[in-house]
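Note: hydrogens, waters and symmetry copies are ignored here, and every other heavy atom, side chains too, is used. Each chain gets a letter, A, B and so on, in the order its sequence line appears, and its residues count up from 1.
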Amino acid sequence: GAVVSQHPSWVICKSGTSVKIECRSLDFQATTMFWYRQFPKQSLMLMATSNEGSKATYEQGVEKDKFLINHASLTLSTLTVTSAHPEDSSFYICSARTQREQLFGPGTRLTVT
Amino acid sequence: AQRVTQPEKLLSVFKGAPVELKCNYSYSGSPELFWYVQYSRQRLQLLLRHISRESIKGFTADLNKGETSFHLKKPFAQEEDSAMYYCALSGRGNAGNMLTFGGGTRLMVKP
């Protein structure tokens, strides 16, 4: 069945480095994928909408140069956190929509030391 | 602008008791409303949507346009219902059908 996967499930990196998170739609194609951020005990906040073959649409307050999104195919979107800082530590969740519903990935926990 | 409000961060009930998780929204058009659930260490998953008018795992939710509410109800809570519940809104015709989430309510069902 249709599933959204993410890789890696968790990552630890040093300040100043960049981290790439992959989001894949399995058994379905997604022209649009969504990237969310979730802080501990808080709700999901939409960061950006990833569009296959075109530029992502970022929500207000989200730095597009810091959170680079590439949606190169109908089944893959990537989020790269550039020059990561400890305040970027969070849970990042991607989502994609089937014809029936919006599916969510398992999330990627990023810790920046 | 669209907004979803869940006034209770935590709701604790005993097994067998009725439960109601509140959700209010603001949206100028005709929205689609959803309830998502996140069990411990699991991903977010759809519980139900207002257009389906279905009952899932004993839960129901009715869209009240007059009160702009979409409260989630279950007559007899079970321990396995303990989870985080998120109310979400999608504006019709919204580009990409993006979802706006409420702050979430943690439901704890005690034995």
Side-chain angles (χ1 to χ4, degrees), chain A residues 1-7 9-10 23-26 29-62 69 71 74 77 91-109, chain B residues 1-11 21-25 27 31-54 56 61 82-108:
Chain A
V3 171
V4 174
S5 71
Q6 279 183 247
H7 178 81
S9 54
W10 59 270
C23 176
R24 293 182 185 272
S25 60
L26 305 179
Q29 295 181 331
T31 55
T32 303
M33 292 184 176
F34 305 93
W35 287 96
Y36 293 86
R37 185 172 179 175
Q38 186 177 32
F39 290 104
K41 299 190 179 183
Q42 293 190 30
S43 187
L44 285 78
M45 298 298 295
L46 180 67
M47 298 175 64
T49 301
S50 170
N51 304 297
E52 188 267 335
S54 65
K55 291 182 179 180
T57 305
Y58 290 82
E59 294 301 300
Q60 193 171 10
V62 178
I69 290 174
H71 195 152
L74 289 172
S77 175
F91 198 55
Y92 293 87
I93 302 171
C94 77
S95 174
R97 189 176 176 88
T98 66
Q99 287 187 332
R100 188 179 178 276
E101 65 180 285
Q102 192 160 328
L103 299 177
F104 288 83
T108 297
R109 183 162 301 285
Chain B
Q2 54 197 58
R3 180 184 292 179
V4 179
T5 304
Q6 293 179 247
E8 303 139 329
K9 285 186 179 271
L10 173 65
L11 186 61
L21 289 81
K22 291 184 167 54
C23 171
N24 288 92
Y25 67 90
Y27 183 68
E32 287 188 69
L33 274 297
F34 307 83
W35 276 99
Y36 283 83
V37 60
Q38 188 171 30
Y39 299 103
S40 180
R41 299 179 187 276
Q42 293 187 30
R43 71 183 68 194
L44 204 65
Q45 55 186 286
L46 179 66
L47 180 62
L48 54 78
R49 67 182 76 195
H50 89 270
I51 58 174
S52 300
R53 293 179 173 273
E54 56 197 346
I56 304 294
S82 296
M84 278 294 296
Y85 290 81
Y86 294 96
C87 183
L89 177 153
S90 175
R92 304 228 174 152
N94 219 343
N97 293 303
M98 72 172 221
L99 288 171
T100 298
F101 286 88
T105 298
R106 179 169 297 282
L107 174 64
M108 291 180 58

Can you list everything that forms a ring-ring contact (aromatic ring centres under 6.0 Å, His included) with A:Tyr92? Sequence neighbours excluded, please.
none
Winner by heavy-atom pair count (cut-off under 4.5 Å) against chain A, out of B:Met84, B:Arg49, B:Arg41:
B:Arg49
Contacting region of B:Gln38 [heavy-atom separation from chain A under 4.5 Å]:
side chain
Side chain, backbone, both or neither: which part of A:Glu101 has a non-hydrogen atom closer than 4.5 Å to chain B?
both
Can you tell me which residue among A:Cys23, A:Ser95, A:Cys94 is in a side chain to side chain contact (heavy atoms under 4.5 Å, CB included) with A:Met33?
A:Cys23
Given heavy-atom pairs under 4.5 angstrom as the criterion, report whether the side chain, backbone, both or neither of A:Gln6 touches chain B.
neither
Interchain contact, B:Arg106 with chain A, by part (heavy-atom threshold 4.5 Å)
neither
Heavy-atom contact with chain B under 4.5 Å, split by part of A:Leu46
side chain
By ring-ring contact (aromatic ring centres under 6.0 Å, His included) - contacts of A:Phe104 (at least two apart)
A:Tyr36, B:Tyr36, B:Phe101
Using atom types as modelled and distance alone, determine if a side-chain donor or acceptor of A:His71 lies under 3.5 Å from a backbone N or O of A:Lys55.
no
Reference residue B:Val37; test side chain to side chain contact (heavy atoms under 4.5 Å, CB included); the match among B:Ile56, B:Leu47, B:Leu46
B:Leu47
